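Everything below concerns the one structure shown next.
Letters A, B, ... are given to chains in the order of the sequence lines, protein chains preceding strands, and every chain is numbered from 1. Quick caveat, the model's predicted, so the values are computed rather than measured.
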Amino acid sequence: MKFLSKDKYTRTLSDQIIAAEIQPDEGVWMSIRHMFRVNRAALLGLILIALIVLMAVFAPLITRYDPNEMDLMSMNEPPSAEHWFGTDDLGQDVFTRVVFGGRISLMIGFVPSLISLVLGTALGLMAGYMGRHVDNVIMRLADVVLAFPSLLLAMVVMYTLGSNILNMFIALSIINWAGTARVVRAQTLSLKEKEFVEAARSMGVSRWTIAFRHILPNCLPNLIVLFTLDIPAAIMWESSMSFLGVGDPNAASWGLMVSQGKDYAYMCPWLILAPGLAILFTVMAFNFLGDGLRDAIDPYMKT
Amino acid sequence: MSNILEIKDLCVSFASDGVKERAMAVSNVSLAIPEGRTVGLVGESGCGKSVTSLSVMGLLANNGRVESGEALFGGQDLLRLSDREMRRIRGNRISMIFQEPMTSLNPVITVGRQVSEALRLHSGMDARSARARTIEIFEKVGIPEAERRFGSYPHQLSGGLRQRVMIGMAMVMRPALLIADEPTTALDVSIEAQILRLMRDLQRETGTSILLITHNLGVVAEMCDEVYVMYAGEVVERADVATLFDACAHPYTRGLMASLPRMTPKGQRLYNIRGTVPNLRAMPSGCRFSPRCEFATEKCRGEKPELNDLGGGHLCRCFYPKDDGRSPGGID
């Protein structure tokens, strides 16, 4: 008999159906790559950030001056071949100070954002997952932080603890964690009702394993976006505070340079233009990147 | 034949905000699952099917509480076990598959890892042998290119394949009992047939008992040896599958049977049971089905029928089991 048995026929047919059902590989990372191809602003942001980071890391190789070296023979000189961005009132090379200031400003962007990311995530996860009293205590604390004008709160912290860069990290972390905690809590609340969490429980997975292995990784795409948008915010806060005179006077960040240059701004605009533009480009670059990432990741969070 | 799971007089209640009285979602449900057999649990949405299975697994939502009863599994009462002891049983001796294969898998972890981690959790295997065993089980549940699919994310697989992964994950420890909560409801019909066949094949191989929760009588006919019909938190009828389809006795079951679409002359309307499931806080006195029952009498409205044996283990909670020769809606 040359006929296929009915069962055999249906079996091969169903195998074909199954094979056709497998969809081509795509994922969050593919979507991000696609986003960079389409969204030029985000790509520009990424390139700018890479350049700024490289510049800060290799600062001594880029410039032949020392950021603190004073040359009293050439004070407040306009930009020239010798001093690309001119010199300041102490005869220091402004380009060099912008390059080295990038180290401080980037650090101030990254460190408090990272601290508040970790802190906010931990607290938000706890609040959302444990609920009840834990949730109430943590979230009311977050409300208090968010109810204060951020700048005022950060300035109070700086005044109380003293003006140095470590306290700047602390101050910025304090104003930043609450937003992250809220986002993570909200996501945890919705994720813990998902079927896959119930499925994991039905497989005998323990409570905390579920929190860290199943819920947290699902928050990750949002956290990446939050992190990239926290960095420019932190740089802006620090610049504002340094401008207002509560920053670390020894950490020559871009904000401090603008603050110090403002007295001569009319005669020597390069003193504030150079660090001001550095802040502008850095913050813009991070915002472009963050917005692009959010657009790429959002559809994944909806499905 | 001994029973793998015996639920006795299970009562489960739920609290809701602002209401003092707890709603009884399941009342006095008794149910036995013989070794190696498939038992169906049938009923409308909200009649307590899933609540029954979830309370056995210790997975009730926070506002749910087991009021009384026991669930004997291998000599242990599952309802009295600590969370820790229960975790050792879940996924190991008893596992579950859910209705929605689309959402029952974690979207950010590869399917292979989800299965192999479940395996490692209970068997203490090292990563490499767990991987090998996972690929083996993927092949067994009919996932093509199992090795490559190990690294796939759930969204890269179709619904049918995801349900295969779920079944693979549930069966990987060769559990004594598999609870399948509407495993094919979200799938289209051709895939449904494949999945049901897969479950039967695996059952034949491993001797696992299955508790199949469904509202699809076609699936029941296909899969089950015995059937429990639930209505408003109670078992109203229990019969082996042949008896149920040949001679179901309870008006509710007969209504369900009559509402199956069949080949009828054009223009004839599909039968439906009038009314809706009663509110759990406002149960009718007497028989809970009486307000919707075509044959209800004064006695039905005033007095509560017991679950009576009609002979041969055919249980029915009705004063007048199929004795009038009529069937609901006049359809036979």
Side-chain angles (χ1 to χ4, degrees), chain A residues 7 10-31 129-132 135 187 190-224 297 299-303, chain B residues 54 57-59 61-62 83-84 86-109 113-115 117-119 121-122 142-145 148-149 151-161 164 166 169-170 172-173 179 181 190-191 193-194 197:
Chain A
D7 190 54
T10 49
R11 176 109 353 145
T12 50
L13 187 68
S14 66
D15 283 351
Q16 284 169 8
I17 294 171
I18 293 168
E21 274 170 9
I22 299 168
Q23 288 155 19
D25 290 58
E26 50 165 61
V28 174
W29 304 114
M30 287 294 283
S31 159
Y129 196 60
M130 295 170 75
R132 287 163 178 269
D135 187 21
Q187 268 218 302
S190 89
L191 284 167
K192 77 173 179 180
E193 301 301 328
K194 293 269 169 155
E195 271 206 323
F196 68 79
V197 169
E198 197 179 8
R201 288 179 64 204
S202 85
M203 291 306 299
V205 182
S206 73
R207 253 170 88 75
W208 286 105
T209 312
I210 289 176
F212 285 107
R213 298 273 302 122
H214 292 267
I215 291 180
L216 189 58
N218 276 290
C219 299
L220 211 56
N222 273 358
L223 289 176
I224 292 170
I297 286 166
Y300 276 92
M301 301 320 292
K302 279 177 202 136
T303 49
Chain B
L54 288 177
M57 290 291 272
L59 291 176
N62 282 335
D83 195 48
R84 207 192 160 84
M86 205 55 225
R87 274 209 309 273
R88 266 205 297 274
I89 290 180
R90 286 202 287 259
N92 185 14
R93 307 286 300 134
I94 307 180
S95 37
M96 241 180 137
I97 45 183
F98 294 87
Q99 180 173 354
E100 280 288 343
M102 298 296 164
T103 53
S104 309
L105 289 165
N106 189 333
V108 299
I109 305 179
R113 274 213 14 227
Q114 295 190 49
V115 177
E117 280 187 6
L119 185 61
L121 180 70
H122 292 294
I143 295 172
E145 298 180 85
R148 201 160 80 82
R149 287 297 139 202
S152 293
Y153 287 92
H155 72 268
Q156 294 168 327
L157 306 180
S158 66
L161 279 185
R164 283 170 194 268
M166 285 305 293
M169 178 148 63
V172 77
M173 292 305 294
I179 299 178
D181 192 348
S190 59
I191 308 294
Q194 292 175 18
R197 180 164 67 194

* To do: Apply side chain to side chain contact (heavy atoms under 4.5 Å, CB included) to the pair A/His214 and B/Ile109, showing each step before the final yes or no.
  => CA-CA 8 Å; A/His214 292 267; B/Ile109 305 179; 4.2 Å; yes

* To do: Mind listing the closest non-hydrogen atom pair of B/Leu121 and A/Gly204 along with its distance?
  => CD2-O, 3.4 Å

* Structure fact -> To the nearest 0.5 Å, atom CD of A/Glu198 lies from atom CG of B/Leu54 at 5.5 Å

* Asked: Contact part of B/Arg93 toward chain A, heavy-atom cut-off under 4.5 Å: side chain, backbone, both or neither?
  -> neither

* To the nearest 0.5 Å, tell me how far A/Arg201 CZ sits from B/Met86 CE. => 11.0 Å

* Asked: Would you say the side chain of A/Arg213 lies within less than 4.5 Å of the side chain of B/Glu117, judging by non-hydrogen atoms?
  -> yes

* Structure fact -> Under 4.5 Å to a heavy atom of chain A? For B/Met96 that would be both

* When B/Gln99, B/Arg84, B/Met169 are compared by non-hydrogen pairs under 4.5 Å with chain A, the top option -> B/Met169

* Asked: Contact part of B/Asn92 toward chain A, heavy-atom cut-off under 4.5 Å: side chain, backbone, both or neither?
  -> neither

* Asked: How far apart are the closest heavy atoms of A/Ala199 and B/Ser104, and which atoms are they?
  -> CB-O, 3.4 Å

* **Validation row: B/Phe98, A/Ser202 side chains within 4.5 angstrom (heavy atoms)** => yes

* Asked: Given that the side chain runs from C-beta out, which part of A/Thr209 has a heavy atom under 4.5 Å from chain B: side chain, backbone, both or neither?
  -> neither

